[in-house]
Amino acid sequence: MAKLDGYKTGGTIHLVINNQVGFTTNYLDARSSTYCTDIAKVTLSPVLHVNADDAEAVVHAMLFALDYRMEFGTDVFIDLLGYRKYGHNEGDEPKFTQPILYKAIAKHKNPRDIYAEKLAQENVISAGFVKELEEAYKAKLDENLEASRKKDLTVITPFMENEWEGYKQVSDDVMLQKFDTKFDKKQLAEIAGTITQLPSDKKFISKITKLIGERKKMVETNKLDWAMGELLAYGSLISEGFDVRISGQDVERGTFSHRHAVVKVEDSEEEVILLDKIKDKKGNFYIYNSHLSEYGVLGFEYGYALASPKSLVIWEAQFGDFSNGAQIMIDQYISAGEDKWNNQNGLVMLLPHGYENQGAEHSSARMERYLQMCAKHNMYIADVTSPANFFHLMRRQLKTEFRKPLVVFSPKSLLRHPDVVSSMDELANGQFQEVLDDPNVKEKKAIKTLVFCTGKVYFDIIAQREELGRNDVAVVRLEQLFPLAVDQIKAIIDSYPNVDHYVWAQEEPKNMGAYSYMLMNFDLVKLRLASPKAYSAPAAGSYERSKKRQKNAIAMVFDKTLFQ
């Protein structure tokens, strides 16, 4: 990542404590190369191997590394060759695995004594100087300890205190409040005009010209698709002074060629970013196609969001399934960072999710895993189905006085679905909707079956309802799964007076998706499940078999007698 546009830092000093701190494996069992720093060859970075026993050499190496980094702006590696005095902890016995090594270490003087002897031999210090230093230092520690005991409270300075000034930690009741995400309609129309106008003096491939032309028609007909809703969200934020940063594999055009935030001039491959042309914008838009390491990139973006709470920082997986390559970052930081360290973070993860008869590694973002990690007030989980709701969801991330990670199960087929459109007014004057009642129900008293679902399967269900002519079935979408807006759901349930049957419908297998989460967190009514049966693989891997499973799951919604 060191020299890639989206991730370079102007050089990093890598200080490698080469002393087996975490384990007792011999180096010959731990790597194939001679040195652990041989990875530096990839970026042609200098490596300084220095004996940790030689204090002055270590200082010299550090000063050299600092000078080199500041002069050339590239990475430097310092291989600090030392040793671990005891085992992995002081009660461990390293001689179990390395008896010869630890016999030698037991007889070896520590770096402090080696350096003190050197200075004494050179008449730099007197014989008792080190002892005086030790006694003075211990006395200072004792003094500070006594002073700390007189205080009622230990105050820990917040991480990056200046950057996070004005933000507060909140619980899920505040997360469920409504926030003002409106944006001036006239200004929104101006942004829409800017991002639907290619430079007239440059030539683009015909597909790009056609696509931007179609976006212009969307504005004229007031039917905005997903990409327009998304780009207008970013445009509105940068016009207000926020920065927007997106990275991931193929994010510039989007994995499914929907975004096209960056378009290329046909003859020169010059990059044109229409969002950069917004008049009087106060913020910046950054977007980078990443290298193929979900773990590395998501970790970088988590750190970026930690350092810049006023930026909308987004990582998009090529397919939601691929986020499993970054599982360490999700488990240890994103889902638990606030609980462990009181560190808030507003990182957004866009995970394409949906069963479009594709393979097992291109269908499911493993929604169940994220929902299982939800507790108290640690993050937002959303699965939205309209451009307007996505617009307000993105704006909400920066319009609150707190920051929470946001995981979005973003669509694939809905990117171009004819029914997945929103009006300019819905973007300008609306707000994020945690729950969407059925907009097609004319007479609520006629409804006998109330179906709950989330995401793309909603459109499959209502298509089947229309085919069957079933006017006794209503379908409610949960656009936000965590925190669950229970009061809103209850109000919707109460608005249907004659319902005698409730269904949870999903396209994921029974043991996946949101079903187990709903069983654990939703007890207003008893839900009957309509889904494929339990499977070990998340998707069928066969086009015909996938269609059959989906057809059966949708049929269960309307027929009480069908089971997995």
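Computed from a prediction, not measured in an experiment: that's the story for all the values here.
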Q: Please list all pairs passing the side-chain hydrogen bond (donor to acceptor under 3.5 Å, both in side chains) test where one or both residues lie in residues 344-353, with sequence neighbours left out.
A: H353-E508
Q) Going by the angle between their ring planes, with limits at 30° and 60°, are W341 and Y333 parallel, tilted or perpendicular? A) tilted
Q.
Parallel, tilted or perpendicular, judged at 30° and 60°: which one describes the rings of F300 and Y7?
A. perpendicular
Looking only at non-hydrogen atoms, find the nearest pair between [X] and [Y] and report the distance.
X	Y	answer
A307	E163	O-CG, 3.7 Å
S335	N378	O-ND2, 2.9 Å
V297	S290	CG2-CB, 3.7 Å
H392	E426	NE2-O, 2.8 Å

Check whether any side-chain heavy atom of [X] lies under 4.5 Å from a side-chain heavy atom of [Y], and answer yes or no.
X	Y	value
L292	Q318	no
I489	L484	yes
F179	Q177	yes
R215	I195	no
M329	E294	no

Q: Determine yes or no for a side-chain-to-main-chain donor-acceptor pair under 3.5 angstrom, with D172 supplying the side chain and P483 the backbone.
A: no
Q. Got a donor-acceptor contact below 3.5 angstrom from the R403 side chain to the Q397 backbone?
A. yes
Could you check whether [X] pairs with [Y] (Lys NZ or Arg NE/NH1/NH2 to Asp/Glu carboxylate O, under 4.0 Å)?
X	Y	answer
E214	K210	yes
K282	E240	no
R477	E434	no
K456	E507	yes
D472	R470	yes

May I ask you to establish whether [X] and [Y] are in a cation-pi arrangement, using a distance under 6.0 Å from NZ or CZ to the six-membered ring centre and at most 45° from the ring axis?
X	Y	value
R245	Y304	yes
K444	Y496	yes
R396	F432	yes
R549	Y535	yes

Q | Stepwise side chain to side chain contact (heavy atoms under 4.5 Å, CB included) test for R259 and R253 | A | CA-CA 5 Å; R259 183 174 292 119; R253 67 169 174 86; over 6 Å; no
Q | side chain to side chain contact (heavy atoms under 4.5 Å, CB included) assessment of K264 paired with F204 | A | CA-CA 7 Å; K264 299 285 185 75; F204 300 87; over 6 Å; no
Looking only at side chains, do [X] and [Y] share a donor and an acceptor under 3.5 Å apart?
X	Y	answer
S323	Y370	yes
K216	Q197	yes
R416	H258	no
D173	S171	yes

Q.
Other residues, nucleotides and ligands only: do more than 12 of their heavy atoms fall within 6.0 Å of CD on E361?
A. no
Q: Using a cut-off of 6.0 Å, state whether more than 12 heavy atoms not belonging to K279 lie near its atom NZ.
A: no
Q: Verify the ring-centre separation between F522 and F452: is it less than 6.0 angstrom?
A: yes
Q. Passes side chain to side chain contact (heavy atoms under 4.5 Å, CB included), E479 versus D383? Steps please.
A. CA-CA 5 Å; E479 299 279 286; D383 188 7; over 6 Å; no
Q.
Applying ring-ring contact (aromatic ring centres under 6.0 Å, His included), can you list everything that pairs with Y167, at least two apart in sequence or on another chain?
A. W164
Q.
Taking ring-ring contact (aromatic ring centres under 6.0 Å, His included) as the definition, give me every residue that meets it alongside Y517, ordered by chain and number, with sequence neighbours left out.
A. none
Q. Salt bridge (Lys or Arg N to Asp or Glu O under 4.0 Å) between R465 and E467: does it pass, once the steps are laid out?
A. CA-CA 5 Å; R465 179 179 65 182; E467 186 177 319; over 6 Å; no
Q.
Walk me through whether I447 and T449 qualify under side chain to side chain contact (heavy atoms under 4.5 Å, CB included).
A. CA-CA 6 Å; I447 301 301; T449 299; 5.7 Å; no
